[in-house]
Amino acid sequence: MSLPVGDWQFWVVTAAAALAAMYLLREVLPAKVSPFRKRRKGKPASLTISGKTPGRK
Amino acid sequence: MTMARASKPVTGLERVPPAVLRVALLGNPNTGKTTLFNRLSGLRHHTSNFPGTTQDARVGVMHGTAGAVHLVDLPGVYSLELEQTEAELCRRVLAGTLAPAGQAAVAPDAVCIVVDSTNLARNLVLVGEALRRRLPTVVVLNMMDLARRRGLGIDTAVLERVLGCRVISASARSGEGLDTLGVLLEAAAVPNVTPPGSQEGLEDWADELAGAASSGTAGRSRTGGVTDRLDRALTHPVGGVLVFAVVMFALFWSIFSLAQLPMELIETVFGAVSAWVQAALPSGVLGEFLSGGVVNGIGATVVFIPQICLLFFLISLLEDTGYLARAAFVMDRWLRPFGLSGHAFVPLLSSHACAIPGIMACRAVPDRRDRLATILVAPFMSCSARIPVYVLLAVVLFPNNAVHKALAFTGCYVAGLLAGLFSALLARRTLLAGAARPMALELPGYKLPSVRTALMTAYDRGLMFLRKAGTNILAICIVLWWLSAYPRSEPPPRAAELRRQAEVSPADAQTLNDEADALTARSALSHSFAGRMGRAVQPAFAPLGFDWQLTVGVMTSFAAREVFVSTMTVLVTGHDDSEGEGILTELAGAKRDDGVTPIFTPATSWALLVYYVLAMQCLPTLAVTAREAGGVKWALLQLGWMSLLAYAGGWAAFLIAGGGS
């Protein structure tokens with residue numbers, strides 16, 4: 001009674017099952033704590049007036 | 001800039017060209033807005049949600065000479081000023097602060113207002129409200145063919161002069177009058193009139209305008225005639241309910257009977273594909289995985305499609321005839337005491353076939369709280385997947401009494417319905433507390449349904465199910481396959497002995513090898529991760545009288561209830577032929593590890609029956625709940641509440657049936 005770690009087919013099906021489990025977890029876990037979902041980072045915007053940054057000479 | 005054939009749909013859903021013109025389709029409910037949308041965009045559309053809502057957002061594309069025209073199908077509303085989700089959504093889309101997922105939130109380039117020609121005055125109120133938004137507008141007087149048949153006439157020139165925008169008369173069902181719509185939309189200008197600001201003033205304005213533009217009886221309420229006589233019958237407190245019961249029985253029967261053949265066909269095809277995959281691949285676990293996990297997983301998804309498509313096809317036909325509005329009105333007074341609206345009845349009824357299309361049908365429930373309550377309780381309805389379990393337990397409990405079996409079956413359905421209704425009441429008094437939205441709807445005129453629209457709806461819903469829920473169901477099947485397949489265990493000594501006997505006794509070889517296979521399969525499942533989890537969890541189910549085998553059955557059927565019987569068959573007999581002759585009797589007589597006590601004692605069987613009536617043993621349904629309710633928390637709440645009720649109910653049944661003594 002063991003896992004057939006020497007069988008390459010075992011690793012293929014285990015990888016597929018792991019991917020499926022990750023997909024399900026991705027659906028279940030909230031985006032804030034999910035390691036499977038990238039959070040979009042805010043992109044800093046440079047404020048300009050007539051193409052120039054205010055306060056910069 | 002002109003459009004050659006605006007109504008011609010383009011093909012190739014996956015290559016949606018960028019819009020040169022964004023058009024919002026606005027209109028009262030039941031004005032044929034969706035029929036127009038389907039007519040203009042054909043299959044060239046996709047469905048998503050408006051961000052932060054569960055409201056469908058359908059975006060269609062139609063050809064223009066300058067490029068693609070995107071049509072956004074807004075929900076039907078009677079007024080933009082109502083405090084309702086749909087009205088707020090329309091307001092925000094017109095203001096440019098909300099757009100379907102993936103679209104830029106900017107105000108539409110034009111608004112196409114769809115008006116029911118047979119009920120002009122009522123519809124013109126919405127037109128007036130939209131005109132105040134100061135957006136380029138075109139008004140489509142839909143259902144002109146129906147108006148003509150009723151002897152109604154509308155002077156579009158009068159309407160154009162007063163509304164300050166282009167007005168065309170058309171029939172979305174036949175396509176009549178739509179050839180110029182694309183050109184008009186592109187050339188649409190901001191109306192040069194401002195209707196009255198107050199609601200009363202607007203209604204007076206709409207009445208006056210309808211009177212001035214109409215000949216015959218258009219613009220006035222329909223009185224007398226066939227419509228009123230039919231309405232009196234179909235909305236009668238008693239007669240209306242009887243008619244509704246007959247219509248719903250026909251709908252329910254159609255789904256069950258018509259879907260049966262394609263479902264069996266799908267199962268046969270996937271069974272053949274599964275066998276072919278296993279035969280084509282070299283022996284090993286990969287073939288077992290592809291055939292048992294992947295192909296069966298896809299099959300488990302696709303098998304729901306006939307029911308889903310059929311349900312939505314028939315509902316769309318019913319809705320198009322104008323009957324569904326009457327049915328919702330009739331059922332409202334029966335469901336209101338439980339905090340549900342009349343709109344909830346069709347989802348609850350269709351949940352008896354399968355909770356998944358039932359929950360998806362909840363999109364027709366306009367009020368958010370009503371919709372959530374209906375979604376939460378829909379799985380209490382006894383779906384077809386519960387039937388194999390009911391059959392098994394009825395055989396165990398009443399082996400020789402058909403009447404008692406029938407009563408037990410009926411009792412299961414009634415118990416599920418009552419649990420659902422009282423859970424809805426509880427939810428509406430606590431989590432979803434709030435004033436119930438009064439059911440205000442305008443009964444649309446009766447008309448022949450559009451098969452084209454119904455087909456489009458069925459296609460749309462089926463595709464959405466495959467995209468959204470299907471992937472989850474496939475993933476669940478794959479994970480469960482792995483948990484049931486590993487770790488591998490050595491065949492039991494008895495199996496090896498049987499195989500040795502088969503070698504020396506060719507006459508009995510088949511029987512002996514089958515028996516050895518059965519023992520091996522049983523041993524493999526009981527030693528798998530799923531089996532071990534069953535043993536570990538068994539103490540939790542001990543109060544209900546479940547041994548480890550029943551616990552494994554309950555756990556593996558957590559993915560889908562129908563798996564219970566096949567799991568128990570594997571555990572007891574070693575093979576998964578749960579439809580074999582006499583298998584139920586064999587299961588009923590199966591013994592526990594001590595070899596004396598039956599697995600299914602009467603008390604345990606009652607506990608199990610009550611447990612399965614109330615339990616949420618269906619992961620695909622949970623996946624759909626999470627999608628449709630707009631969050632995993634609702635699915636977890638549903639799972640928690642149903643599991644709690646099932647456990648408590650099962651325990652009570654066990655004690656009442658004498659299991660504690």
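Chain naming here is simple, since letters A, B, ... match the order of the sequence lines and numbering starts at 1 in each.
For chain B, the nearby parts of A:V13 are the backbone and the side chain; heavy atoms of each come within less than 4.5 Å.
In this view, A:F10 and B:Y486 satisfy the ring-ring contact (aromatic ring centres under 6.0 Å, His included) rule, not counting sequence neighbours. Under the rule for a salt bridge (Lys or Arg N to Asp or Glu O under 4.0 Å), the partners of B:R499 that lie at least two apart in sequence or sit in another chain are B:D517.
Here the closest non-hydrogen pair linking A:A20 and B:I478 is CB-CG2, 3.9 Å. Of all non-hydrogen atoms in B:S283 and A:Q9, the two that sit nearest each other are O-NE2, 4.1 Å.
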